Structures are given as structure tokens and as C-alpha cells.
Protein chains: 2
Amino acid sequence: MPVRDGNKTGIPKGVINRLPLYYRYLAELARQEVEKVSSSELGEALGLTAAQIRSDLSYFGSFGQHGYGYRVDELYNQISSILGLDRAYNLILIGAGNLGKAIASYQNFRNRGFEIKAIFDNDPLLEGKYLSGCIIQPIDKLTEYLANNPVDIAVITTPREVAQDVCNQVIAGGVKAIWNFAPVRLQVPEGVVLEHIHLTNSLLRLSFKMKHSDKIKD
Amino acid sequence: MPVRDGNKTGIPKGVINRLPLYYRYLAELARQEVEKVSSSELGEALGLTAAQIRSDLSYFGSFGQHGYGYRVDELYNQISSILGLDRAYNLILIGAGNLGKAIASYQNFRNRGFEIKAIFDNDPLLEGKYLSGCIIQPIDKLTEYLANNPVDIAVITTPREVAQDVCNQVIAGGVKAIWNFAPVRLQVPEGVVLEHIHLTNSLLRLSFKMKHSDKIKD
DNA sequence: TAGATTGTTAATCGATTAACAATC
DNA sequence: TAGATTGTTAATCGATTAACAATC
């Protein structure tokens, strides 16, 4: 499995954004029991060039066959593995407000091996209630929980005021990945990975595009 | 107000992503009653180069003063206007499940002039209930509503199966902007703008980063 | 084999950064 | 005026695309 690039230069962000697209489209093809696909067919379907798809894949190895294309099931498995979907993840969720409830109830993640194991919230009215099969615990139980249970990903759906504090706590407890929904740029040390879903920024981009739709690239 | 670029080449995506950052940080500075800020101070705070900030702003005009920097309140107002926040928007929300409820209850948008005026859902159990001050209506009232009320933005929080169909309906009703939370790539005609929040893609990126944290750029 | 499509290199394109004249 | 910082051009960097030898 020759890899185009050592870990000197790294994987460009655009590649990381496109991998989930490939994954999802290949999942769809596999469901339809399509056997093979070429980079130009993939490009056609996803609005990308064939060259870009081949180039993206070549960061991770050679998965196709000259003159044939890619076997759908094989490429799907390879990309699943590249995305880290060949294992299960333990999640905890901090903040059981509306957004936290929505995420806890969302089944798409669970189906792919991301399971919420514990939920924390500071509201005494929520304490002891069940949400998606988890009992809601007060946040001062968080450190104890982290000391006794393996946690891969912390999902932060708290108000912005406490998000950084919660973030620091879970990092202190050894969590290495944070999925943040609070509207604040969290500071994390080297070695902790972070994905941010920022609803307001997205809405502001939409508003911008409405005002400037004539002069937007792409 | 000399603009660096006609609408020949357009505004790069990166600029659109950064404008909300500038907006939010300037709002914070204004709240703290800071009077002036330089591009290097902004860059420092946001993890960007001073040159990039000046370059981004120059797409829209010249807002600074040589030898001084930028007046916080003035730049804040200018960026607000660039983002289209100098007016109000009428929103409708289709899909009153967990995610729809979370968004309807989220006050951050309303404070900036984005107001949800109507909510639609196909579930007969929800019909007639109130959510954030709106009565939940069946989706077959949607076309009639669009014919009689101005709608700037449709928020789609339906299941993926019906999202494209709902999208087509609102576009047929004249809506020019769609904020999509359903896990599907919506097809929209020229002239309709689209912002997509894709929770699963974000989680897959996080998973990827966990597996490859050693070889990621930036 | 002939036809097709990969993987990869070279060429192109676009975005970021550095540098600096303009100027408050 | 001297010092500082902008707005913009030129240089650099990185990502995308085109081209093609390798090969199934």
C-alpha cells in the first residue's frame, strides 16, 4: 500500500471534507448492489472531477484496478477504515437542552458505532430523568465518571458560558476528541481533536449568500 | 468605496467563512467598548495573519484609517451590513422533530433578526401544538402559506426521505434561501442559495481526525 | 490484444502571505 | 513631523486539473 505522502506535509482539509461524501455515496451504491464504479462516474455523481477523486484516494493507498475502476464494496470498506469507522466509540454528552436532546435522539450516529454512554446537565429539574436510555447526571459527577469509564468523544451542547470550562474538565479527564455545538471557539491543547458545529455562523453565511448571490464563487 | 474585485471572479469561500468570525469578535469588542483595533490585533485574536484580514476586507471596501487601524463600531456595522444583518428575515421551519424543536427554541437567531414565522410537520400528533409561539401546521398547508406570506428562508429539519420534496415545494412557492439539516445533498436551481448543516459528516471528520491526528494540516 | 481506467507527475489555477508605497 | 498601519501589488505557497505512462 504505497502512500503518496509521508506525514511531512499532511492531508489537506478539502480531502477530509470530501471523504465523508465518498463514504456516503459508496454506501448508497453498495445498498443498490452496484459492483463497480469509476472515478469519472463518482465525479459525475458528486460534482467533482475524476482527477480530484483519484488524487484524494491516493493519499491513502491504491484501491482501484487499472482499466476497470473500483470495486464498490472494497472501496467502501477502505474508506470506512480511513474514516475510523472500523471500530466503536464511547460518547458522553454534556448539556441536555433542546440541542442535546436532539443529538441524543439522533439514530444515524448510533448505527455507525457512535454510542452515547452518559449524559450530564446542571439543571436539577433534569437530574435523574432518562434521555435515550441514559440517566441524566449532574455535571459534578463528570470527573468521577471519566475516571472510571472509557470515553472517546465528548459532545458539548451546553450554553456558551460554560462550554470552555466543561471542555477543560473532559480534557483533564483524558478525553481526546470534542464535538462542540456551543457558539464559542474552544481552546484545546495539542493532541486533542475538535469538530465544531456552529449554527449561527452557518446562518450568517446563508444571509451573506442571499445578499451577494451574484458574486459568489462555486 | 473602491472594491478590489468586480463580480467577475467572485468572493472566495474562505472569505465567506471568515466574515462571521470577524463579525462575532467585533461584536465582543464593541460590547467591551473597545474603540479601535488593528488588523494585527484581529489576526492575533483569531489565529489569522494581519494580511489576510486586510485582504478579506478589501473585497468589500476600505474601512480602516492609515496609521490608526479600524474603529470597532464602524467596522462592526460595515461587516453586519456585508453579512446582510441590516434587515430582518422571515423564516419557516419544516419538520418539528427534536432538531426542529431545538432550532425553533434557539434564541441566538431571533436576536439577530431571523424570526421563525410558521412551523410545519406531517405528524398528526403535533398538529395544533405550539412551538416557540408558532402553531404547528400540517405540511399540506405549506403551499397556501407561501402564497399568502413573505418567506425569506426555509429551514428544513425533516427526515432525509422527504427533504428534497419539501425543498421543491418551498422553491415552487418562491423561497430563495434554504437552510438544510437533513442528511441529503439537496438539488436547487440557479438563484436559490443553500446552506447545509450535516451532523454526520462532521462526526465522520472528527473520527477521521482521531485516527490521523498525526498527519493533518493546520 | 485492444480498450479502458488507474495512479502519479507536471501544469495550472487560486488563495495566502510578504512587502511596501500611500497616508493618517 | 515621526510613527504606525492601511490597502494593494508581487511573490509564494498549496490545491486542483490535465495529461499520460502503466497496466489490468
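Proteins get letters first, then strands, A, B, ... in listed order; numbering begins at 1 in each. A quick note: this is a predicted structure, and the numbers were derived from the prediction, not measured.
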Distance test, side-chain N/O of Tyr70(B) to OP1/OP2 of dG7(D), below 4.0 Å: yes
Side-chain N or O of Arg54(B) versus OP1/OP2 of dG7(D): is the shortest distance under 4.0 Å? no
Could you check which nucleotide pairs with dC13(D) in any of the strands shown, counting Watson-Crick or G-U wobble with both distances under 3.5 Å? dG14(C)
Out of dT8(C), dT5(C), dA15(D), minimum distance to the side chain of Pro12(A) belongs to dA15(D)
Between C1' on dT9(C) and CD on Gln52(A), what's the gap in Å once rounded to a whole number? 17 Å
Does a nitrogen or oxygen in the side chain of Thr49(A) sit under 4.0 Å from OP1 or OP2 of dT16(D)? no
From NE2 of His66(A) over to C1' of dT23(D), roughly how many Å is that when rounded to an integer? 6 Å
Thinking salt bridges, do Asp121(A) and Lys101(A) make one under a 4.0 Å N-O criterion? no
With Arg110(B) as the cation and Tyr106(B) as the aromatic partner, state whether NZ or CZ is under 6.0 Å from the six-membered ring centre and within 45° of the axis. no
Where is the tightest heavy-atom contact between Val175(B) and Val192(B), given as atom of each residue plus distance? O-CG2, 4.1 Å
Looking at Gln65(A), does any N or O in its side chain come under 4.0 Å of the phosphate oxygens OP1/OP2 on dT6(C)? no
Between Lys211(B) and Asp86(A), is the closest basic N to carboxylate O distance under 4.0 Å? yes
Sorted by position of nearest nucleotide on DNA chain D, 5' first, the leading residue of Glu41(B) and Ala51(B) is Glu41(B)
In this structure, how many angstroms lie between the P atom of dT5(C) and the CZ atom of Arg71(A), rounded? 16 Å
Using atom CG of Leu42(A) as one end and atom P of dG7(C) as the other, report the distance to the nearest whole Å. 12 Å
Aromatic contact, Phe109(B) with Trp179(B) (centres under 6.0 Å): yes
Would you classify Gly14(B) as touching base, sugar-phosphate or nothing, given that sugar-phosphate means primed atoms plus P, OP1 and OP2, and contacts are heavy atoms under 4.0 Å? nothing
Under 4.0 Å, counting only non-hydrogen atoms across every strand here, what does Ser39(B) touch: a base, just sugar-phosphate, or nothing? sugar-phosphate
Hunt down the Watson-Crick or G-U wobble partner of dC20(C), both distances under 3.5 Å, from any strand shown, or write none. dG7(D)
dA15(C) P sits how many Å from Asp56(B) CG, rounded? 11 Å
Any side-chain N or O of Arg18(A) less than 4.0 Å from the OP1 or OP2 oxygen of dT16(D)? yes
